[in-house]
There are 4 protein chains.
Amino acid sequence: MTPNTARRNETSRRAILTAAFDLLQEVGYAKVSIEGIATRAGVGKQTIYRWWPSKGTVIFDAFLLLSEGAEGEPPTLPDTGDLAADLSLVLRATVEEMNDPRYEQPMRALATEITLDAELAAAYAQRLDGPLREAKRQRLRSAQQAGQLADDLDLDVAVDLIWGPVLNRWLYRSGPLTIEYADQVVTTALNGLRPRRPAAQGMPA
Amino acid sequence: MTPNTARRNETSRRAILTAAFDLLQEVGYAKVSIEGIATRAGVGKQTIYRWWPSKGTVIFDAFLLLSEGAEGEPPTLPDTGDLAADLSLVLRATVEEMNDPRYEQPMRALATEITLDAELAAAYAQRLDGPLREAKRQRLRSAQQAGQLADDLDLDVAVDLIWGPVLNRWLYRSGPLTIEYADQVVTTALNGLRPRRPAAQGMPA
Amino acid sequence: MTPNTARRNETSRRAILTAAFDLLQEVGYAKVSIEGIATRAGVGKQTIYRWWPSKGTVIFDAFLLLSEGAEGEPPTLPDTGDLAADLSLVLRATVEEMNDPRYEQPMRALATEITLDAELAAAYAQRLDGPLREAKRQRLRSAQQAGQLADDLDLDVAVDLIWGPVLNRWLYRSGPLTIEYADQVVTTALNGLRPRRPAAQGMPA
Amino acid sequence: MTPNTARRNETSRRAILTAAFDLLQEVGYAKVSIEGIATRAGVGKQTIYRWWPSKGTVIFDAFLLLSEGAEGEPPTLPDTGDLAADLSLVLRATVEEMNDPRYEQPMRALATEITLDAELAAAYAQRLDGPLREAKRQRLRSAQQAGQLADDLDLDVAVDLIWGPVLNRWLYRSGPLTIEYADQVVTTALNGLRPRRPAAQGMPA
DNA sequence: ACGTAATCGAGACGGTACGTCCTGTCTTCAA
DNA sequence: TTGAAGACAGGACGTACCGTCTCGATTACGT
């Protein structure tokens with residue numbers, strides 16, 4: 001039933017994923033069709049249907065292909081000891097990527113597919129977001145061990161608190177997604193909404 | 001050119017929006033078509049195309065119809081003086097709505113449309129999310145004035161910090177969306193990620 | 001279920017049938033597709049599928065359209081009193097039509113469809129061949145009444161005996177299909193295979 | 001270039017031809033595909049494409065295989081001296097074969113291919129119909145020499161006159177194909193359409 | 001109250017894409 | 001080297017919808 005992966009044509013695979021990504025960028029998610037991807041990739045439609053069950057999985061794999069180059073070495077976040085600065089650096093980069101016209105359309109397409117398809121969401125959580133999220137958690141853990149974060153802090157919640165607002169503002173376009181906003185999120189998340197006595201801030205590393 | 005709204009058939013309008021919402025719930029966004037909505041509503045296709053420019057706006061209006069009942073009195077958040085408790089109450093309700101099978105599919109459909117269509121996102125920000133967001137801001141402002149929140153806090157960032165993680169976890173299914181999670185987000189957002197001297201908690205500055 | 005014939009677009013109908021006939025002639029039956037007919041006719045595929053259940057019925061109707069001009073007055077065979085001459089005239093015309101490159105491919109296509117589809121064969125017998133066959137029968141009946149044909153002759157068998165060999169030689173290409181052959185068939189059918197005393201032949205009209 | 005016939009796998013060849021014939025019978029010409037034949041025969045597609053240039057030639061060879069058993073001794077028609085009786089016998093058998101559900105679909109498929117493909121028609125005339133037609137001619141020649149048929153009779157025309165009507169009625173389903181019809185054709189062909197003095201019948205010239 | 005003009009349900013139309021089946025070619029691997 | 005297996009580019013299938021259009025039949029106005 002499942003086709004023999006061993007015989008798979010790697011050239012066609014890459015052509016399909018590249019075509020899919022490029023088309024997303026050029027014409028936008030709504031106008032991308034399997035037929036269009038096949039034509040652009042110089043491939044028969046059946047070759048797509050043989051290996052991918054849905055348009056969403058093609059898009060997903062297109063992103064996987066992008067990140068394949070960096071495979072081997074798992075991603076890490078910078079760790080200078082200054083947590084706020086490190087987080088700011090990373091979050092600013094995220095914001096810039098989200099504003100990059102080359103990635104915006106494809107990323108929105110991926111987000112859409114994940115929103116609608118639970119299976120894809122699981123795959124995303126495991127294969128695309130997984131390593132990155134682990135790096136984020138790791139950076140926070142390091143800070144926690146240095147006494148810069150609360151001992152009882154749930155690191156997953158912490159990650160959500162920092163990256164959630166940014167991702168959300170991007171998806172819903174609920175406001176300008178700027179570097180300043182990123183910094184505000186970092187600061188506010190670190191300090192909390194409540195008033196804070198100055199003495200409590202800026203503990204030495 | 002623009003159709004005369006005065007002559008619009010209100011019965012058809014409601015039938016279309018109800019049919020759209022019901023179909024989203026029953027068959028999911030991907031399988032909902034204008035044609036299907038028209039048939040289900042017992043309406044000609046042209047009647048839809050005459051009044052709505054896209055499927056997304058139909059879905060949007062279907063949500064507007066839902067919230068029409070509560071029109072007149074703008075929404076407010078509870079204000080018992082205990083900010084954490086009030087936020088927890090509201091966020092728990094949000095979580096429960098997101099987990100309600102009656103609303104999940106339609107809400108995901110709306111989120112999808114907003115993600116892909118900037119115009120729709122603006123309409124959403126203004127007409128659907130606007131009043132609610134103002135209520136959230138208002139509750140926080142009230143707390144701020146009572147000295148429970150930092151003076152220099154940007155209330156929009158604060159709203160994002162509280163609701164962003166939840167909305168995000170729901171969209172991406174990046175983890176279980178429970179009442180406990182809602183509470184954790186509230187607590188962590190209020191206190192911040194940094195260690196906080198116990199004495200400093202819940203005390204006016 | 002059946003579409004409303006009243007709303008049918010007559011222009012499209014003629015374009016489809018003309019395109020079908022022309023394509024048969026130009027590229028041959030095997031390479032004619034519904035898709036090709038639709039494109040050539042400048043018509044959506046659905047417009048063909050809406051009104052015709054199969055490629056065969058389209059081809060059939062294309063022939064019907066051709067003979068629509070002559071509708072009204074039923075066809076008749078010439079009746080000069082000289083049966084052999086009249087039959088020869090008609091059969092020669094048939095042979096020439098079969099050898100006409102404009103009609104050969106379409107006629108072979110129609111023959112093929114009739115061979116494979118009993119329903120189409122019935123439609124052919126009734127609507128396309130029917131009037132013509134009646135005319136043939138009528139000419140023979142006239143001769144029979146004039147004492148030129150056997151009293152107990154079954155006219156349907158007689159028609160088959162004259163036209164069957166020609167049609168068959170055309171279909172199977174079992175030999176050259178010439179005017180001489182047509183005449184031979186007429187003479188042989190009229191006289192029979194058996195030897196015939198000269199006196200029996202050439203009865204005065 | 002041309003595959004080496006010596007190395008050909010006879011088992012596969014028979015499996016293919018048998019599968020083709022069986023499929024024609026079971027699902028009809030329109031639904032038979034090379035792919036289907038290969039699967040049914042337990043054979044790779046390439047094995048078919050290697051040895052046959054078209055679906056028509058496969059079908060043709062399937063019929064050849066059927067008549068292979070009788071190879072060696074060329075077919076003959078019965079010759080009791082009573083021509084009418086002998087022809088009736090043979091034509092009745094033909095009619096029965098045409099009405100046999102086991103052969104009808106395959107024979108229609110073969111007829112279709114011959115109608116559309118001149119090369120195949122030539123192969124048919126030579127290899128499948130050839131010997132049989134020669135037998136028919138031979139029987140008539142024998143009768144002619146016995147003075148039962150006209151001296152100047154063209155035997156090919158005579159064969160067409162007898163078998164043409166039957167084959168035609170079968171292909172076009174223009175009427176019931178019965179034993180009675182077969183007999184009528186024989187009688188009418190022998191006697192001709194013209195009136196015949198009773199005394200002249202069955203008498204040597 | 002009455003024409004008249006817009007809206008309505010209905011659905012045909014030219015199209016695009018779907019997901020499937022098949023064609024004829026090619027490659028891989030076992031015998 | 002042949003053959004079974006099956007991937008490949010490509011073309012057509014028959015279906016579902018798109019957004020536009022045309023058809024009467026209401027329907028609500030403005031006179």
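Lettering follows sequence order; numbering is per chain, from 1.
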Interface with DNA chain E, restricted to residues 29-42 of chain A and to heavy atoms under 4.0 Å: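 Correct list: Ser33(A), Ile34(A), Glu35(A).
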
Tell me which residues in residues 9-24 of chain A put a heavy atom below 4.0 Å from DNA chain E, sorted by number, or none.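 Hits under 4.0 Å, by residue number: none.
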
With a 4.0 Å cutoff (strictly under), does any side-chain N or O of [X] reach OP1 or OP2 of [N]?
{"X": "Arg50(D)", "N": "dT2(F)", "answer": "no"}
{"X": "Thr47(D)", "N": "dG3(F)", "answer": "no"}
{"X": "Trp51(D)", "N": "dG3(F)", "answer": "yes"}

Main-chain N/O of [Y] paired with [X] side-chain donor or acceptor, under 3.5 Å:
{"X": "Thr57(A)", "Y": "Ser54(A)", "value": "yes"}
{"X": "Arg173(A)", "Y": "Glu119(B)", "value": "no"}
{"X": "Thr47(C)", "Y": "Val43(C)", "value": "no"}
{"X": "Asp61(C)", "Y": "Leu64(C)", "value": "no"}

Spacing of OH belonging to Tyr172(A) relative to CG belonging to Leu171(B), to within rounding of 0.5 Å: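 The distance works out to 4.5 Å.
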
Can you pull out the residues from residues 52-61 of chain B that lie within a 4.0 Å heavy-atom distance of DNA chain F?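 The answer is none.
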
Can you name the nearest heavy-atom pair linking [X] to [Y], along with the distance?
{"X": "Phe21(A)", "Y": "Pro106(A)", "answer": "CE1-CB, 3.6 Å"}
{"X": "Ile59(D)", "Y": "Ala109(D)", "answer": "CD1-CB, 4.2 Å"}
{"X": "Ala15(D)", "Y": "Ala41(D)", "answer": "O-CB, 3.5 Å"}

Length of the line joining [X]:[atom1] and [N]:[atom2], which is rounded to integer Å:
{"X": "Arg8(B)", "N": "dG9(E)", "atom1": "CZ", "atom2": "P", "value": "12 Å"}
{"X": "Ile48(A)", "N": "dG10(F)", "atom1": "CD1", "atom2": "P", "value": "12 Å"}
{"X": "Tyr49(D)", "N": "dG3(F)", "atom1": "OH", "atom2": "P", "value": "16 Å"}

Using side chain to side chain contact (heavy atoms under 4.5 Å, CB included), reason through Ile37(D) and Leu17(D) one step at a time and then give a plain yes or no. CA-CA 8 Å; Ile37(D) 294 171; Leu17(D) 298 179; over 6 Å; no

Close N or O pairs between protein and nucleotides 26-31 of chain E (under 3.5 Å):
from    : atom 1 : to       : atom 2 : distance (Å)
dC26(E) : N4     : Gln46(D) : NE2    : 2.2
dT28(E) : O2     : Arg7(A)  : NH2    : 3.0

Applying salt bridge (Lys or Arg N to Asp or Glu O under 4.0 Å), name anything that partners Lys55(A), two or more places apart in sequence or on another chain.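 Lys55(A): no salt bridge (Lys or Arg N to Asp or Glu O under 4.0 Å) contacts found.
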
Report the residues that fulfil side chain to side chain donor-acceptor pair (under 3.5 Å) with Glu10(D), sequence neighbours left out, ordered by chain and then residue number.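 In terms of side chain to side chain donor-acceptor pair (under 3.5 Å), with neighbours along the sequence ignored, Glu10(D) is linked to Arg13(D), Arg14(D).
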
Glu35(A) and Arg40(A) ion-paired at < 4.0 Å: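 Arg40(A) and Glu35(A): not salt-bridged.
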
Report yes or no: do Glu113(D) and Tyr124(D) form a side-chain donor-acceptor pair below 3.5 Å?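 Absent: no donor and acceptor within the cut-off.
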
Earlier contact from the 5' end, DNA chain E, for Val43(C) and Gly44(B):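 Per heavy-atom nearest nucleotide, the more 5' residue is Gly44(B).
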
